[in-house]
Structure formats: C-alpha cells, structure tokens
Amino acid sequence: MKDTVASLLGEALAKVIAENGADFEPAPIQIERTRDPAHGDLASNVALANGKRLGMAPRALAEALCAALPANGAIARTEIAGPGFINFFLSSDSQGDVLRDVLRLGERFGHNDSGKGHKVQVEFVSANPTGPLHVGHGRGAAVGDSLARILAANGWDVTSEFYYNDAGAQINNLALSVQARCRKLTPEDDGWPEDGYRGDYIVELAEAYLAGEAVQASDKAVTASANADDLDNIRDFAVAWLRREQDLDLKSFGVSFDVFFLESSLYESGEVEAVVQRLIENNATYEKDGALWLRTTDYGDDKDRVMRKQDGGYTYFLPDVAYHLNKWQRGFERVIDEQGADHHSTVTRVRAGLQALKADIPEGWPDYVLHQMVTVMRDGAEVKLSKRAGSYLTLRDLINEVGRDATRYFLVARSPNSQLTFDIDLALSQSNDNPVYYIQYAHARVCSVKRRLGEQGIKVDLDAETVSLDALGEPQEVELLKQLARFPDIVSRAAVTAEPQQVANYLRELAAEFHAYYNAHKVAVDDEDLRTARLALSEGVRQVLANGLDLLGVSAPEAM
RNA sequence: GCGCCCAUAGCUCAGCUGGAUAGAGCAUCGGCCUUCUAAGCCGGCGGUCCGGGGUUCGAAUCCUCGUGGGCGCGCCA
C-alpha cells in the first residue's frame with residue numbers, strides 16, 4: 001500500500017516539476033504511517049522536502065500535488081495539514097485487504113523473499129567448552145537464534161553456526177583440572193593447577209570420567225578410559241561432556257545449530273598456515289622482537305598486532321582470520337557474528353586481516369552484533385557472578401527458574417547495544433508488568449473465543465476471500481487493521497538492521513491494542529455479520545502474534 | 001590517555017531511521033468481574049528527552065564539544 005501511494009505521488013511530483021519548467025532530481029518520496037488517526041492512514045512530507053527547490057510554499061506545492069495525483073480506488077481522499085503534509089485516507093476496502101492477506105497466508109504472513117535465497121550465516125554462542133553456559137551466552141543465543149529466524153523469514157538461506165576451540169591452553173587447563181580432581185585434589189590443595197577451573201561441574205566431570213561413562217554430544221562421542229594418567233583421554237572426554245551439557249541447555253532454550261566448527265580444524269587443514277603465507281606474500285607483515293607482526297594499522301587499527309609469537313605459536317586472531325576466510329569461501333554473502341561486546345576489539349582486527357589478504361572481500365564484511373553485559377537482579381539485589389570462585393548463575397538455572405519463554409523474551413527484547421538488567425522477580429511475575437505473558441495472554445484469549453464459539457456450533461474457520469468485513473468500523477478495529485499492516489515492515493526492518501527487539505516491541509503494542517479492543521467490544525455477539533467480522537479480526541491478530549512470537553523463539557499458548 | 005556502547009517520567013523501557021501535541025508498564029491515586037480468560041481494561045498524577053553549540057522548513061533522533069556510567073585496550077582467548 002505504501003509503495004502504491006509512493007509511486008502515485010512520484011508521478012504527481014514529476015508532473016508538477018515539468019509544469020513548472022523545473023529540472024532537478026527530487027528528494028526521494030517518503031511515506032509513513034501516521035500516529036494520529038486524525039492525520040489519515042498514511043502521510044508524506046514530499047511537499048516540505050521539495051518546496052524550497054521548486055520555489056513554492058510547501059502548502060501550495062502540496063495542493064498542486066494533490067491535484068495532479070492520479071485517481072486510485074485505494075485512496076478515499078487526501079488532506080493537506082500542518083506546514084504542508086499530505087495525509088492520505090485509505091478506503092475501507094484496502095484496509096480490509098490486509099486482514100484477508102493474514103488469513104490467506106497464515107504463518108507465512110509477514111514473510112518476504114527479499115533475501116532471494118542468498119546465503120547468510122549467523123554465528124553465535126561460540127562458547128569454548130570449559131564450563132557451563134552463563135547468562136551472557138543466553139543473551140547471545142536468544143539474539144542470534146532470533147536473527148536466524150528473522151533472516152529466514154526474509155527469504156535468506158540461513159546457516160547457524162557455533163565455533164569453538166577444543167585444543168589450546170584453556171582446554172589443557174580444563175583437562176589438568178579434571179585430572180587433579182580424579183586424583184582427589186581440591187582447588188585449595190597445593191597440587192591444583194594454577195588458574196585451574198574450580199566449579200562443581202569439575203567434580204561431576206571427574207566422577208563421570210572415573211566411572212568410564214560414554215558421552216554423546218551433537219558433534220562428538222567419547223568413552224572415558226577411567227585412567228587418571230591419560231590426559232589426552234581426559235581432555236577429549238571433558239570437551240565432549242561439556243559440549244553435551246551445552247547441547248542440553250541450548251535444546252531446552254529452543255536453539256539449534258546447523259554447523260559446529262572447530263578451531264583445530266583450521267590448523268589440521270593447513271588454512272591457518274596458508275593465511276600466514278598469503279599475508280607475508282602481500283607484504284602485510286614484518287618481523288620485530290622475534291615475532292611476526294601484521295600491519296593492521298594500514299586498515300584502521302590503532303597499533304599493529306603480533307600474529308606469530310616469539311615461541312612460534314600463533315595468536316588467537318590468526319585462526320579467526322582463517323576462519324572468516326573460510327566463511328567467505330563457503331559463499332556467505334552476509335555473515336553476522338553475534339558476540340559479547342567485551343570482544344569488540346576483535347572486529348577491527350579480523351576485518352583488517354581479511355583486507356590484508358586481498359581476497360576481494362568487502363571492507364565492512366562481516367557484520368557484527370555485539371551485545372552488552374547482562375546483570376541479574378533478584379529480590380532487588382544484584383546476583384554476583386564470580387567466575388574465579390566457580391560460582392555463577394548458569395543459563396540452565398535461569399531457564400529452570402523462570403522458564404524458556406520469559407528468559408528468551410527478556411534477553412531479546414532490548415537493543416543488544418544496551419546493557420541489560422535481567423530482573424528475575426519481574427520475569428516470574430504473571431501480570432501486566434511482564435510483557436511475555438501479556439503477549440501470550442492476548443493470543444490465548446483469541447483461542448478461547450474461538451473455542452467457545454466452536455462449542456456453540458458456530459463456524460470459526462473463515463474463508464479469507466469470501467468473509468465479509470464490512471461490519472468492521474469501530475475506531476479500535478480500524479487501528480488494529482493498521483497495526484496488522486505494519487508487521488511485514490517490522491519483519492523486513494528487523495532483518496536489515498539486525499535488530500530482533502523490533503519484533504518484540506511491536507508485539508507488545510499489538511497485544512495492548514487487542515486487549516483494549518477485547519475489553520471494549522465483544523466478539524460473540526448475536527449479529528452474525530458483526531460476529532464473523534470481529535472473529536476474522538481477532539484471528540488475524542492471533543495469527544500475527546503467533547508469527548511474531550515464533551521469530552523470537554517464544555511459544556504461543558492456546559490457553560493460559 | 002585511546003577505542004566501542006549507553007543516557008528519555010521516581011523505576012524499567014518504547015519512540016517506526018528527521019516530522020505534527022514525546023509514549024507504555026511499574027510505583028502512586030481512583031474506577032471496571034451474574035456478559036467471549038481480571039495474566040485484562042478505563043481514568044488521574046508524573047518530562048530541562050544528560051548539558052552547550054551546530055545542520056535543517058522541522059532535532060529525543062544527524063554532526064560537534066563536554067559530563068556521567070559500562071566494556072575493552074597482552075607475544076591471553
């Protein structure tokens with residue numbers, strides 16, 4: 001509808017420009033939905049934006065444009081308002097068409113094919129298997145998974161990926177910690193590894209190992225030899241065991257991955273070494289102090305970075321560059337890396353490394369979505385997370401306490417750029433102040449109405465093409481239709497800007513309008529035409545709520 | 001010191017990419033359940049949109065300089 005009005009207005013503008021003998025490239029036509037119904041359904045600022053260049057007062061130009069506007073059945077009338085806005089009042093038929101679209105398209109309403117099946121990868125969580133997932137990982141999981149769902153709804157071919165390191169110093173540290181525990185040591189004892197891990201899970205891990213357990217994770221299977229001297233076996237077992245724990249948490253969170261990618265595979269395949277050679281050949285490196293440096297300052301970094309250490313090992317960012325080259329070579333037109341903001345310095349470095357490869361990778365590639373810290377509140381006080389003591393609130397604890405839906409909603413409903421306070425008491429409260437129940441309740445209410453009507457033998461499955469919507473005329477009904485019409489824009493914009501919180505905010509507004517409508521007007525009235533029309537509207541709201549909640553990975557219950 | 005993020009009602013946050021009179025919830029005060037789910041609705045109170053400049057017909061929104069808070073500045077990952 002917006003597009004239709006925009007093109008009509010474009011025609012009118014071209015005509016007026018020609019009539020005035022002017023010749024310039026007009027400012028792009030902007031059409032927006034109005035906030036105030038008194039301003040019509042759609043409004044445009046073209047007259048304000050172009051008045052000066054045409055030498056016309058904005059209101060005069062607006063009048064000329066309205067006169068030059070081609071006739072169209074969808075537009076009932078236009079008005080000129082304020083400093084020169086053109087307000088469009090749409091015909092009731094064209095508003096009802098939106099509802100027909102919802103009913104006809106069902107769970108596909110709001111989806112589009114702007115991604116054209118092109119490949120996009122969303123990498124998120126990517127936690128190294130050295131401990132349980134915590135709340136920060138939860139934020140990454142909620143945001144990343146929603147992004148993947150939103151991109152898929154926009155017609156992209158989405159791959160969700162989890163990258164981790166199953167070798168290296170931290171994993172070795174993990175293995176040594178488990179080994180120490182197998183030998184009955186505790187973190188307080190002298191023989192405990194320096195900077196060893198000390199959570200309760202180390203105890204569980206050691207017990208499972210000594211019991212000779214067989215572990216099956218989504219991407220690994222290992223059987224413990226129960227031999228406390230076999231560090232290699234302990235390492236493999238510990239990684240598989242923790243990966244399995246992560247799998248369980250992610251599954252209960254409704255999050256799944258298409259690919260688990262191992263950092264070690266980049267060494268085994270020679271891709272890391274190839275990247276080093278290529279950077280040297282491109283004269284992007286130099287030797288200093290016995291180390292090999294990359295000139296990242298050539299690409300906006302504030303200092304050059306060591307890529308090969310004095311001891312001959314590589315720093316972490318080299319496999320990162322190799323990993324991203326690998327992504328590029330897999331044909332991902334768009335890559336979104338979702339990470340904690342404490343890793344933000346990696347952004348410049350990885351992009352610099354990719355540019356230095358001279359592999360025709362676009363400068364701003366890949367995209368990053370960095371989420372800020374999460375603090376958890378309970379009983380009005382912050383829940384302190386102490387990694388050193390090994391005591392911290394895990395994602396599993398949170399899901400067990402407040403449930404999957406509330407946890408996901410709260411973690412995805414804020415801009416990732418803002419710090420997030422997760423209030424456990426709020427997430428648990430079953431009331432108005434808890435948006436997730438508020439939205440789900442609106443959905444359940446419609447289901448309840450349909451159930452009741454069905455019990456009375458009234459037909460509740462409506463035909464999108466033939467159902468009569470003429471009886472809809474209450475201001476709240478018109479507002480709800482307009483609200484439904486926004487959903488496709490929201491889905492589209494959420495994908496372009498990589499902001500899943502837009503879906504969450506929209507759903508809250510839609511639910512609020514529906515609750516108000518529900519309290520003011522009854523669906524199950526005797527007048528059949530009115531009842532059917534209101535049922536159709538309610539069903540449309542239910543469908544959009546369900547579609548939106550699905551994009552957030554939150555369930556849409558039929559009863560509460 | 002340098003870089004990134006944030007700042008809107010007492011509190012938690014929206015504000016649809018620069019539009020018309022800045023909006024919700026909580027808290028507080030007052031109403032609505034013999035009628036489709038009160039996990040709901042209606043109304044009252046509540047604002048220096050952190051501050052100063054600038055761009056613009058128009059700024060909470062863009063630019064700039066500050067202030068305050070968070071995070072990061074390893075040959076750790």
Side-chain angles (χ1 to χ4, degrees), chain A residues 30 32-36 38-39 43-45 47-49 51-52 57-58 81-85 87 128 130 165 168-170 195 263 288-293 301-303 305-317 319-320 340-348 370-373 375 377 413-421 423 426 429-442 444-453 456 486 489-490 493 496-497 501-502 504-506 508-509 511-512 514-525 531 534-535 538 559-560:
Chain A
Q30 286 181 38
E32 53 190 29
R33 298 178 203 285
T34 58
R35 201 179 300 180
D36 185 344
H39 298 148
S44 180
N45 62 352
L48 290 155
K52 204 174 197 177
F85 290 103
N87 294 334
N128 282 346
T130 55
N165 185 1
Q170 290 311 311
D195 296 324
E263 180 184 323
K288 193 181 92 182
D289 304 333
L292 186 65
W293 297 67
D301 206 354
D302 57 343
K303 50 187 153 187
R305 306 291 168 175
V306 169
M307 45 188 269
R308 192 172 58 216
K309 299 181 278 187
Q310 283 178 341
D311 68 9
Y314 295 123
T315 55
Y316 81 95
F317 96 93
D320 267 6
D342 52 343
H343 289 87
H344 84 259
S345 61
T346 197
V347 175
T348 311
L370 304 176
H371 65 259
Q372 299 288 324
M373 278 186 42
T375 52
M377 301 286 286
R414 284 282 166 274
S415 165
N417 283 336
S418 297
Q419 286 169 244
L420 173 67
T421 302
D423 186 334
L426 177 60
S429 82
Q430 299 189 340
S431 70
N432 210 346
D433 45 348
N434 188 337
V436 68
Y437 292 126
Y438 186 79
I439 296 165
Q440 290 181 321
Y441 186 46
R445 272 184 147 172
V446 178
C447 293
S448 174
V449 170
K450 286 170 66 182
R451 228 172 7 247
R452 283 299 192 94
L453 291 175
Q456 295 168 33
R486 284 181 62 203
D489 285 350
I490 297 285
R493 226 157 45 88
V496 171
T497 60
Q501 76 273 15
Q502 303 220 14
N505 289 326
Y506 166 79
R508 218 164 53 79
E509 286 176 34
F514 180 75
H515 282 308
Y517 173 64
Y518 179 93
N519 273 272
H521 302 286
K522 192 167 171 172
V523 175
V525 293
R531 184 181 66 222
R534 286 182 173 173
L535 180 61
S538 302
M560 290 176 75

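Letters A, B, ... mirror the listed sequences (proteins, then strands); counts begin at 1. No experiment lies behind these values; they were computed from the predicted model shown.
- U48(B) and A22(B): their P atoms are spaced 13 Å apart (whole Å).
- Taking the side chain of Leu48(A) as heavy atoms from C-beta on, and the options C36(B), G19(B), C41(B), the nearest nucleotide is G19(B).
- Nucleic acid contact class of Ala43(A) (heavy atoms, under 4.0 Å, all strands): base.
- Residues Pro416(A) and Gln501(A) are in side-chain contact: their nearest non-hydrogen atoms beyond the backbone lie under 4.5 Å apart.
- At the heavy-atom level, His521(A) lies under 4.0 Å from base atoms of the strands shown.
- Only the P atoms considered, C6(B) is 10 Å distant from C62(B), to the nearest whole Å.
- Across C26(B) and U17(B), the matching P atoms stand 28 Å from one another, rounded to whole Å.
- Between the base of C16(B) and the side chain of Arg33(A) there is no donor-acceptor pair shorter than 3.5 Å.
- The glycosidic torsion of C6(B) lies more than 90° away from 0, which places this base in the anti conformation.
- A donor-acceptor pair is defined here as one N or O able to donate and one able to accept, closer than 3.5 Å; such a pair exists between the side chain of His515(A) and the backbone of Tyr438(A).
- Distance check on atom C1': G47(B) versus A14(B) gives 15 Å, rounded to whole Å.
- Residue Asp301(A) is classed as having no contact, given no heavy-atom separation below 4.0 Å to the nucleic acid.
- Residue Asn519(A) contributes atom CG, which lies 18 Å from atom P of G31(B) at whole-angstrom precision.
- Considering only side-chain atoms of Asn87(A), the nucleotide from G40(B), A20(B), C36(B) that sits closest is A20(B).
- Comparing G10(B) with G72(B), their P atoms sit 31 Å apart, to the nearest whole Å.
- Here C16(B) presents its C1' atom at 12 Å from CD of Gln30(A), a figure rounded to the nearest Å.
- Base pairing of G3(B): its partner is C71(B), meeting the Watson-Crick or G-U wobble criterion (both donor-acceptor distances under 3.5 Å).
- Nucleic acid contact class of Ala442(A) (heavy atoms, under 4.0 Å, all strands): none.
- Distance CG (Asn434(A)) to C1' (C13(B)): 14 Å, rounded to an integer number of Å.
- When atom types are taken as modelled, the side chain of Gln310(A) and the backbone of Asp289(A) share a donor-acceptor pair closer than 3.5 angstrom.
- Looking at Asn87(A), its side chain never comes within 3.5 Å of a backbone N or O of Ala43(A) through a donor-acceptor pair.
- Under the Watson-Crick and G-U wobble criteria, each requiring two contacts below 3.5 Å, nucleotide G23(B) is paired to C13(B).
- Mapped onto RNA chain B by nearest heavy atom, Asn45(A) and Arg452(A) fall at different nucleotides, with Asn45(A) at the one closer to the 5' end.
- No side-chain heavy atom of Thr34(A) sits less than 4.5 Å from a side-chain heavy atom of Phe85(A).
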*Reading nucleotides 62-77 of chain B from the 5' end, what letters show protein touch, with B for base, S for backbone sugar-phosphate only, - for no heavy atom under 4.0 Å?*
-------BBSSSSBSB
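- Distance from the side chain of His39(A) is smallest to A20(B) among A20(B), U37(B), G40(B).
- Counting non-hydrogen atoms under 4.0 angstrom, Ala559(A) reaches a base of the nucleic acid.
- Residue Arg451(A) contributes atom CZ, which lies 9 Å from atom C1' of U37(B) at whole-angstrom precision.
- Here Tyr518(A) packs flat against the base of C36(B); its ring centre is closer than 5.5 angstrom to the base's six-membered ring, tilted by less than 30 degrees.
- Each of Lys450(A), Arg534(A), Arg445(A) was evaluated against Val523(A); a single residue qualifies, Arg534(A), per the side chain to side chain contact (heavy atoms under 4.5 Å, CB included) test.
- Remark: U37(B) base-pairs with no nucleotide in the shown strands. Criterion, Watson-Crick or G-U wobble with two distances under 3.5 Å.
- Atom CD in Gln440(A) sits roughly 18 Å away from atom P in U37(B) (whole-Å rounding).
- Between A59(B) and G15(B), the two C1' atoms lie 13 Å apart (nearest whole Å).
- No side-chain heavy atom of Glu263(A) sits less than 4.5 Å from a side-chain heavy atom of Tyr316(A).
- Under the Watson-Crick or G-U wobble criterion, with both distances below 3.5 Å, G58(B) has no partner in any strand shown.
- Taking the side chain as every heavy atom from C-beta outward, Met307(A) and Tyr314(A) never approach each other to under 4.5 Å.
- With A39(B), C42(B), G40(B) as the choices, the nucleotide that has an atom nearest any side-chain atom of Tyr437(A) turns out to be A39(B).
- Using modelled atom types, no side-chain atom of Asn165(A) and backbone atom of Asn128(A) make a donor-acceptor pair closer than 3.5 Å.
- Side-chain contact check for Leu370(A) versus His343(A): every heavy-atom pair is 4.5 Å or farther apart.
- The nucleotide G43(B) finds its pairing partner in C29(B), both defining distances of the Watson-Crick or G-U wobble pair being shorter than 3.5 Å.
- Atom CZ in Arg414(A) sits about 15 Å away from atom P in G25(B), given to the nearest Å.
- Between Phe85(A) and A20(B), a base-stacking contact is recorded: ring centres under 5.5 Å apart, planes less than 30° from parallel.
- Residue Asn417(A) is the one, among Arg493(A) and Asn417(A), whose nearest nucleotide of RNA chain B lies closer to the 5' end (criterion: closest heavy atom).
- The gap from the P atom of U34(B) to that of C11(B) amounts to 39 Å, rounded to the nearest Å.
- Here A14(B) is the nucleotide among G40(B), A14(B), G19(B) with the atom lying nearest to any side-chain atom of Asn505(A).
- Between the C1' atom of U37(B) and the CZ atom of Phe514(A) lies a distance of 11 Å, rounded to the nearest Å.
- Rounded to a whole Å, the CZ atom of Arg508(A) is 15 Å from the P atom of G23(B).
- With P as the reference atom, G30(B) and U67(B) are 46 Å apart, rounded to whole Å.
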